[in-house]
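The next block holds one structure in the form of structure tokens; read it before the comments.
None of these values were measured; they are calculated from a predicted model. Whatever order the structure lists ligands and atoms in, that order sets their numbers, starting from 1.
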Amino acid sequence: MAGGSLSFNQHKSLKAAQTSEEKVVPTLCELCFWRCGVNAHVRDGKVYKITGQEQHPLSNGRLCPRGTGGHGLLYDPNRLKHPLIREKVNGKEMFRKADWEEAITLVADNFMRIREEYGHGSVVTFTHGFGASFLKILCASCGMISAPSYAQCRGPREDAFKLTFGHSVGSPEALDIKNSQYLVLIGTHLGENMHNTAVQDFADAIGNGCRIVVVDPRFSTAAGKAERWLPIRPGTDMALLRAWIRILIEEELYDRPFVEENTVGLEEVREGVQDATPENTAALTGIAAEDIIAVARDLGRYKNHALIHPGRRVTWYGDDTQRERAIAILNALLGNYRRPGGLFKQNKYGVPKPKFPIAIVGERKFVSRYPFASSVPASEILQQTITSDPWPVKGWMVYGTNMIHSLGNQAQTIEALNQLEFMVAIDVLPMEITSYADVILPEHTYLERYDDLDDRSFRVPYVGLRQPVVPPLYDTKSGYEIAKMLSEKMGKFDLFPDDVETYLDGRLREVNSSLAEIKEKGVLKKPEMDFYRKPWESLKFRTPSGKIELASSKLKASGFDAVPRYTPPQENPPGYFRLLFGRAPMHTFGRTANNRFLGELMPENELWVNEITGKDMKLKPGEYVYLINQDGVKSKTPIKIRLTQRIRPDSVYMVHGFGHTHPELEQAFGRGASDADLITHLDIDPIMGATGMQNNFVTFTRKA
Ligand SMILES: Nc1nc2c(c(=O)[nH]1)N[C@H]1C(S)=C(S)[C@@H](COP(=O)(O)OP(=O)(O)OC[C@H]3O[C@@H](n4cnc5c(=O)[nH]c(N)nc54)[C@H](O)[C@@H]3O)O[C@H]1N2
Ligand SMILES: Nc1nc2c(c(=O)[nH]1)N[C@H]1C(S)=C(S)[C@@H](COP(=O)(O)OP(=O)(O)OC[C@H]3O[C@@H](n4cnc5c(=O)[nH]c(N)nc54)[C@H](O)[C@@H]3O)O[C@H]1N2
Ligand code: SF4
Ligand SMILES: [Mo]
């Protein structure tokens with residue numbers, strides 16, 4: 001069924017706006033990776049306003065602040081405006097303007113030469129963002145593809161839930177937050193973490209009287225909505241989760257019929273968490289035993305309608321898959337699976353995927369050294385690039401990821417970049433990573449291009465369309481055109497149809513729709529899934545036992561703990577404070593720092609410091625300091641001090657995404673500091689290769 005219709009009044013107002021000078025074009029936001037449906041309002045050929053699509057299930061007519069400021073990217077004067085090629089002039093390296101034919105030929109020639117010389121798999125693709133879908137098709141068979149949204153973000157969560165429930169949480173998360181009656185947020189700060197639909201659901205839950213508990217060393221925006229803020233000692237969350245598991249089991253507060261019928265391993269878990277008494281846990285976490293007990297009993301009271309949110313960026317301390325396993329176990333004990341307010345499984349609209357011919361057949365296959373890595377961990381590729389083990393990596397294609405700021409351990413990233421024979425960066429702005437490229441290819445912004453259909457799993461199965469709103473402003477190309485040109489230069493003429501519209505229309509015809517239909521509607525929808533389980537339904541999970549694995553048979557078979565164990569985090573070196581970081585509602589990582597609209601709302605980040613620490617360290621509010629970390633690495637730029645009671649005295653906090661050093665980013669240059677500069681120590685998760693970033697510590701200096 002092809003639904004997704006506008007109401008009569010919406011239709012009328014859209015039509016009225018579509019005069020010759022004024023039109024409203026539905027498309028998808030790309031200011032972050034949530035991909036809300038937006039309406040771009042165009043007057044005299046210029047986008048002047050962006051609003052939320054009523055009919056899009058991720059927007060429901062509303063956007064977050066970043067989405068409304070998307071035209072700040074379109075009209076950013078510092079955009080990449082034409083292809084650039086690195087050249088040595090009088091011994092000095094610089095970029096010169098090139099045309100597309102020359103730039104693409106250079107990329108294709110280098111990648112083919114590297115492949116010839118070093119074999120299959122010697123060119124790697126790093127991507128983040130929807131526009132890469134066609135490049136991924138081109139690269140699928142000719143090498144490895146890695147994204148920071150895995151080992152630097154939600155990878156441990158997805159793998160832990162797969163081990164426990166047989167499927168991942170997914171994005172958008174399959175969590176029935178809006179119907180939850182008791183919600184525990186543990187190190188996830190909804191409200192600052194501004195994924196539109198998740199925040200709408202959170203607001204609905206609060207409106208419906210949901211009781212909220214926030215576990216965070218910092219008093220987040222969400223903590224302001226909570227009945228309890230538990231300012232946990234950083235890195236001790238596993239202890240708290242195990243204590244809650246122990247209380248639920250020992251006091252028989254878990255959903256007994258559900259657990260007996262649908263899970264395995266209860267006894268093993270019971271034995272495994274015996275040491276996690278409230279008293280021991282209070283000593284480790286700094287949270288009073290009575291608070292620990294009270295929350296566990298509340299969880300037991302709400303059971304099926306309570307939810308422990310699994311978070312999103314969960315790459316913290318190196319035992320992250322196991323911490324996420326503990327969260328999965330708790331949710332399983334509550335029996336909230338496919339109950340109002342719990343976890344569920346969602347569906348796709350299901351547009352059949354076209355079958356692409358394989359571009360290049362290869363003889364080498366990437367096998368991670370981490371047994372449960374379900375994707376390619378970036379840190380492993382860096383290591384391989386540096387050591388050439390098990391084979392050399394000599395070429396990188398980098399699409400939409402600023403790896404200098406997103407992988408941690410910058411020195412390692414730069415060492416790997418120095419080993420390369422060729423690197424191409426496909427971006428929209430002169431971000432730090434582009435300085436390392438041999439060729440820079442400027443992409444259209446999301447308001448100037450088509451991308452593939454957005455057919456992801458959600459509670460309302462839907463297909464969304466990104467389409468051009470205005471003609472491209474500069475000599476840029478879309479991901480589709482770049483992938484097609486590259487594939488042809490590599491001798492593959494039949495990989496993509498001549499134009500993207502033919503491709504999209506062909507896909508939509510498979511579901512009895514058409515490009516013309518979705519261009520007008522913006523979205524096709526099916527009715528909301530009926531995902532709540534029926535009392536007579538027997539459940540089957542895609543795990544070895546067919547049940548939810550409270551104790552994991554797969555982890556056990558691979559020599560890991562079947563039941564999560566507590567490992568203490570590193571202690572603060574004397575005089576140093578743990579560096580914590582997170583999000584601000586008006587920015588997405590570093591990608592929006594140069595956006596004039598969003599920069600006006602928040603031009604720089606500040607360092608949250610507890611007032612007691614401020615007094616001890618003689619810091620004044622508003623003064624600028626540099627930070628030095630435990631390895632003696634100093635922040636490249638200074639940061640403004642904010643003294644507050646809203647953070648523990650042993651930690652400091654900053655918003656990620658500032659401290660840009662590329663001089664062509666005129667708005668962002670030198671504003672605030674980068675947490676990434678200071679994350680030199682990484683704890684790698686032995687189960688799936690995630691890079692834990694939170695065992696880093698800083699102190700202050702006024703010296704530049
Ligand atoms: N220190 C530290 N590291 C982190 C995190 C952290 O909080 N702190 N967070 C982690 C998490 S959760 C994630 S998901 C990752 C995110 O890591 P990244 O994806 O690397 O993050 P961004 O800084 O948004 O970089 C996006 C890049 O894409 C470019 N870009 C924007 N729009 C387009 C487009 O339409 N086309 C193209 N081709 N390029 C575009 C931007 O200019 C920018 O260079 O970082 C991880 N790393
Ligand atoms: N506005 C905005 N929203 C975003 C993004 C964005 O860039 N901008 N990025 C999106 C992406 S890709 C992701 S992955 C998510 C990330 O969003 P979240 O999953 O919510 O994660 P973080 O931003 O890493 O969370 C940081 C929070 O954890 C707390 N914290 C730090 N250490 C500890 C600890 O040891 N224990 C506990 N309990 N808490 C701790 C910090 O104080 C902070 O409040 O945000 C998404 N939403
Ligand atoms: S959450 Fe905000 S930035 Fe992300 S896609 Fe939606 S409107 Fe855009
Ligand atoms: Mo992320």
Please say whether the positively charged group of R35, taken as NZ for Lys or CZ for Arg, lies over the ring of F130, i.e. under 6.0 angstrom from the six-membered ring centre and within 45 degrees of the axis.
->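 Pair R35/F130 counts as cation-pi.
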Given L28, T197, V460, the one that forms side chain to side chain contact (heavy atoms under 4.5 Å, CB included) with H56 |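 One option only clears the test, and that one is L28.
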Tell me, which pairs form a salt bridge (Lys or Arg N to Asp or Glu O under 4.0 Å) where one or both residues lie in residues 583-595, sequence neighbours left out?
-> none
Nearest to [atom], what protein heavy atom do you find, and at what distance?
| atom | answer |
| --- | --- |
| atom 28 (O) of ligand 2 | G187 O, 3.3 Å |
| atom 3 (N) of ligand 2 | M194 N, 2.9 Å |
| atom 26 (C) of ligand 1 | G400 O, 3.4 Å |
| atom 36 (N) of ligand 1 | E443 OE1, 2.8 Å |
| atom 19 (O) of ligand 1 | H128 ND1, 2.5 Å |
| atom 22 (P) of ligand 2 | H189 CE1, 3.4 Å |
| atom 34 (C) of ligand 2 | D237 OD1, 3.5 Å |
| atom 15 (C) of ligand 1 | P148 CB, 3.9 Å |
| atom 4 (C) of ligand 1 | S406 O, 3.7 Å |

Under 4.0 Å from ligand 2, counting heavy atoms only, is it the side chain of [X], its backbone, both or neither?
| X | answer |
| --- | --- |
| M586 | neither |
| T236 | neither |
| P585 | backbone |
| R66 | side chain |
| A584 | backbone |
| T188 | both |

Any nitrogen or oxygen of [X], side chain or backbone, less than 3.5 Å from one on ligand 1?
| X | value |
| --- | --- |
| M403 | no |
| T401 | yes |
| R583 | yes |
| N402 | yes |
| Q152 | no |

For M194, the ligand 3 atoms whose distance to one of its heavy atoms is below 4.0 Å =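 That gives atoms 1 (S) of ligand 3.
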Hey, which atoms in ligand 2 end up nearer than 4.0 Å to a heavy atom of [X]?
| X | result |
| --- | --- |
| C153 | 14 (S) |
| F581 | 26 (C) |
| Y317 | 32 (N), 34 (C), 35 (O) |

Tell me, please, which residues at least two apart from N572 pass side chain to side chain donor-acceptor pair (under 3.5 Å).
-> none
Any I287 side-chain heavy atom under 4.5 Å of T281 side chain | no
Test item: I404 and Q410 side chains (from C-beta on) under 4.5 Å apart, heavy atoms = yes
Give the atoms of ligand 1, by number and element, whose distance to some non-hydrogen atom of [X] is under 4.0 Å.
| X | value |
| --- | --- |
| M431 | 42 (O), 43 (C), 44 (O) |
| Y399 | 36 (N), 37 (C), 38 (N) |
| I679 | 1 (N) |
| R449 | 34 (C), 35 (O), 36 (N) |

Counting only nitrogen or oxygen atoms and a 3.5 angstrom limit, does [X] reach ligand 2?
| X | value |
| --- | --- |
| F33 | no |
| T588 | no |
| F589 | yes |
| S220 | no |
| V215 | yes |
| W316 | no |

To which of [options] does the heavy atom nearest [atom] belong?
| atom | options | result |
| --- | --- | --- |
| atom 8 (N) of ligand 1 | L31, N594, D675 | D675 |
| atom 30 (N) of ligand 1 | I433, T691, D427 | D427 |
| atom 40 (C) of ligand 2 | A222, P217, G590 | P217 |

Identify, with sequence neighbours excluded, every residue that meets salt bridge (charged side-chain N to carboxylate O under 4.0 Å, His left out) alongside R459.
-> D176, E528
How many N, O or S atoms of the protein are nearer than 2.8 Å to atom 8 (Fe) of ligand 3?
-> 1
Can you measure from CG (L73) to CZ (R596) and round to the nearest 0.5 angstrom?
-> 11.0 Å
Pick one of side chain, backbone, both or neither for how M693 approaches ligand 1, counting any non-hydrogen atom pair under 4.0 Å.
->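 Within the 4.0 Å criterion, M693 contacts ligand 1 through side-chain atoms alone.
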Check whether the ring centres of H128 and F33 lie less than 6.0 Å apart, and answer yes or no.
-> yes
So is T445 close enough to ligand 1, meaning a heavy atom under 4.0 angstrom away?
-> no
In this structure, which one of H681, R578, E571 forms a side-chain hydrogen bond (donor to acceptor under 3.5 Å, both in side chains) with N695?
-> R578
